[in-house]
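Inspection log for the structure reproduced underneath, given as structure tokens.
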Amino acid sequence: MADQEFEKLSIDPATQEMLKKAQAEGVETIFDRAKTMKPCPIGAEGACCRICSQGPCRVPPPKKKQGEETAAEKKQRMGLCGATAETIVARNFARMVCSGAAAHNDHSRGTALLFKEVAHGQAQGYEIKDVAKLRRVAKDYGVPTTLGEGEEAKPRPKEEIAQELADKILAEFGQQTGELTYIKRAPKKRQEIWRRLGVAPRGCDIEIVELMHRTHMGVDQEYHNIIKQCTRTALSDGWGGSMISTDLQDILFGCPVPVAGEINLGVLKEDHVNIVIHGHEPLLPEMIYVASMEPEAVQYAQNKGAKGIQLAGMCCSANEILMRHGIPVAGNYLQQEMAIITGAVDAMVVDVQCEMQSLANVAKCYHTKLITTDDRARIEGETMHIPFDEHHALDVARKVVREAIDNFPNRKAQVLIPSISYPTIVGFSYETIQYLLGGSIRGSYYTLNDNIIGGRVRGVAGVVGCNNCRTIHDNAHLTMIKELLKNDVIVLTTGCSAMTAGKFGLLTPESAKEHCGPGLAEVCETVGIPPVLHMGSCVDNSRILMAATACVKAGGLGTDISDLPAAGAAPEWMSEKAISIGHYFVASGVYTLFGVTFPTTGSEILTDYLFKGIEEELGGKWDFEPDPELAARKMIAHIDSKRKALGIDKARERVLYDMAMRRELEAAAGGEEH
Ligand code: MSK
């Protein structure tokens, strides 16, 4: 393949370099398979029904425009059982929401179970690191944080608070009635919408189970009704499982604050033992971080001829340890094979989600040990399975580190690490942004709102999500983000999108001058923040929900998330989790745009409902645009329409709110800031 061909696969020079190496060494990657295996066009549109053994039934697209089809023609576009294109496509969409929400909520359950063990002092190596956050979350759950009353009141021991809180949180997974606690964190108006529509989730598990039931053959066959349960299920992810994960991980491992990091394959070191941590759950990675720094481990590595141990992350496990410890990131989703192809990775340690099965084949071409660590996620061809055990996590981590060190002398292929990496500043949790905007005393989102009202910041965009080998790696993320920044739209990012931003230098405060419009550049310079704020991993999209809620509660931008000059996007999405995330953003009132392909285009009627009709009910809606520049313009147009509705479409004098005005706004938006 000629050099220009590699540029059509990825805009990332480090990835291009590794693709060339793979070609020279005869190693097959996802990029090769994408060339030879084309997606099924009917499946891609969501119009293939395979939920019973009478099919699969494939429903081709209509030959005529919507509304022009005769009843007989419509009949031809049905499954054997009579299920219409709308039912089939809605069911497929629903099952994506289900699987995505299940992934996040199951991740969350694991974290909650560990939290309970820590609270009872039965989890080796772990402790409660963020007591202030523990107390804030306890308040949400109605768990007392003091003992005694009035002036006699004393702080309650953190272990006691944690024990009671753990039981309350774990009960929410199996809860059958009522509603999830965090629903009350949303603006009042949003809560009312959910309650009026009957979509406030009852528990973390029940909504997923019910949606699976309803998409079984012969159950729910009315697309609005299926999508309604999609909404309830997705909300159980965003305002349930994902938010619980984020909060408990902050309590256990520390709430992220700005920290310097580095990203791209160049973070690997030829003369070190390289351990790449890949997946999503930070429980074991936190201990691997500890184990890799123990003097005995470093000495052991030196005895084997290495200078030391280099830990690096991949995908969202990377985001977790980057945000809290500044551990460098080797790359995003489409770089997992690339890391092994360097020939320098002594162990790739995976937990759950986004790990490609092909890792086993690629690892065999080199010396890399592929170590699975979660009983829920084994990979055929793995080198070994060292299961995570919360009671002995540090011992497990030490074993993993030792396996990697033992492998260092076994390197067999030529080692070639691209000397490409970029510095980043990350760690912008919702709380940190609040602090940066106003300091610890008066910390709040007022400052951001004032700048939005004054027109320096045009609006806010969340750009998140995966890479997808059906589009040029990293290109859509980068193009979209640059276009938004140029137009004074500040970007909040998570997941693999955050890594793209980092790889191209957008996660540094200095980048504001180069990439932003004058208003946003001025704000970033004054506050000292990058124009793209890295907020964490996939579950940390819940931090974006909290930031949006804080904007509403700070006042001046309406009374609901749907009033904000804001938009969301996943321009290179690929996973079912992305669909669940997208749908909970829509359900929270956000205009949400996806790129690459859209999974409901097999039904024009259903797609129309998701892109238009649903807005009347939820205030948010879906959209699809594969061209990232056009997509960014659509987002900006939406932001402008919201500015107009708020009456702030023309740049105007800054309105400085006094306390009385703020109280009035807060009351309208739903009470105090969290
Ligand atoms: S890792 S879900 S490829 S963002 Fe969270 Fe990246 Fe998407 Fe996995």
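Heavy-atom basis, side chains included; hydrogens, waters and symmetry copies ignored. Atoms within a ligand are numbered from 1 in the order they appear, just like the ligands themselves.
For residues 318-340, the pairs satisfying salt bridge (charged side-chain N to carboxylate O under 4.0 Å, His left out) are R33-E337, D250-R324, E320-R324, with sequence neighbours left out.
Of the N and O atoms on the side chains of E286 and H325, at least one donor lies less than 3.5 Å from an acceptor on the other residue. Looking only at atom types and distance, the side chain of N319 has no donor-acceptor partner in the side chain of D540 under 3.5 Å away. There is no side-chain donor-acceptor pair under 3.5 Å between H583 and D237.
Around atom 7 (Fe) of ligand 1, the protein N, O or S atoms found under 2.8 Å comprise C466 SG.
Using cut-offs of 30° and 60° for the angle between ring planes, the H638 and Y591 rings count as parallel.
Contact annotation: the side chain of H515 never approaches that of P531 to less than 4.5 Å [non-hydrogen atoms, C-beta and beyond].
Interface of H280 with ligand 1, defined as ligand atoms under 4.0 Å from a residue heavy atom, comprises 1 (S), 5 (Fe), 8 (Fe).
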